[in-house]
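These numbers come from the heavy atoms of this one structure, side chains and all, not from hydrogens, waters or symmetry mates.
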Amino acid sequence: MGSFYDKKATGTVFTSINKKELESLKIKVPASYDDQKRIADRLATLDRKIHLNQQLNANLVA
């Protein structure tokens, strides 16, 4: 079972979503600053890990 975005996406090689569909998406934003901060911190940690993995992969290719 695909994600919501997969169901809205079209295309053969690369899927895409059009502007109208993108604008119609409803995104829940946590009301409290503490919840927003906790999510942002978690995403920042993931971003750092992704960056480190990309660096490791680049070193393996070189």
Side-chain angles (χ1 to χ4, degrees):
M1 184 180 339
S3 72
F4 170 80
Y5 303 104
D6 290 336
K7 293 175 188 171
K8 296 286 186 183
T10 59
T12 55
V13 176
F14 297 101
T15 58
S16 64
I17 187 166
N18 65 35
K19 181 180 177 182
K20 183 179 174 185
E21 290 291 337
L22 189 60
E23 290 175 339
S24 73
L25 295 178
K26 294 183 180 174
I27 300 172
K28 291 184 179 182
V29 177
S32 79
Y33 175 79
D34 289 339
D35 286 343
Q36 292 178 22
K37 179 78 170 112
R38 189 169 45 255
I39 292 168
D41 290 343
R42 171 107 19 117
L43 291 174
T45 298
L46 290 172
D47 281 342
R48 285 190 296 275
K49 289 180 180 182
I50 289 169
H51 181 70
L52 288 172
N53 282 330
Q54 289 171 335
Q55 288 179 323
L56 289 170
N57 288 341
N59 286 336
L60 291 173
V61 172

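- Applying the salt bridge (Lys or Arg N to Asp or Glu O under 4.0 Å) test to every pair with at least one member in residues 23-36, sequence neighbours left out, gives these pairs: Lys19-Glu23, Asp35-Arg38.
- Taken from OG1 in Thr45 to CD1 in Ile50, the straight-line distance is 11.0 Å, to the nearest 0.5 Å.
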- Message: Using side-chain contact (heavy atoms from CB on, under 4.5 Å), reason through Lys49 and Leu52 one step at a time and then give a plain yes or no.
- Response: CA-CA 5 Å; Lys49 289 180 180 182; Leu52 288 172; 5.6 Å; no
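- Qualifying side-chain hydrogen bond (donor to acceptor under 3.5 Å, both in side chains) partners for Arg42, counting only residues two or more places apart in sequence or in other chains: none.
- In this structure Lys20 satisfies the salt bridge (charged side-chain N to carboxylate O under 4.0 Å, His left out) test with no other residue, sequence neighbours excluded.
- Shown here are the salt bridge (charged side-chain N to carboxylate O under 4.0 Å, His left out) partners of Asp47, two or more places apart in sequence or in another chain: there are none.
- Taking the side-chain hydrogen bond (donor to acceptor under 3.5 Å, both in side chains) definition, one finds that Gln54 meets it with nothing, sequence neighbours left out.
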Anything under 3.5 Å between a donor and an acceptor, one on a side chain of residues 55-62, the other on a protein residue two or more places apart or in another chain? List them.
from	atom 1	to	atom 2	distance (Å)
Gln55	NE2	His51	NE2	3.2
Asn57	ND2	Asn53	O	3.4
Asn59	ND2	Gln55	O	3.4

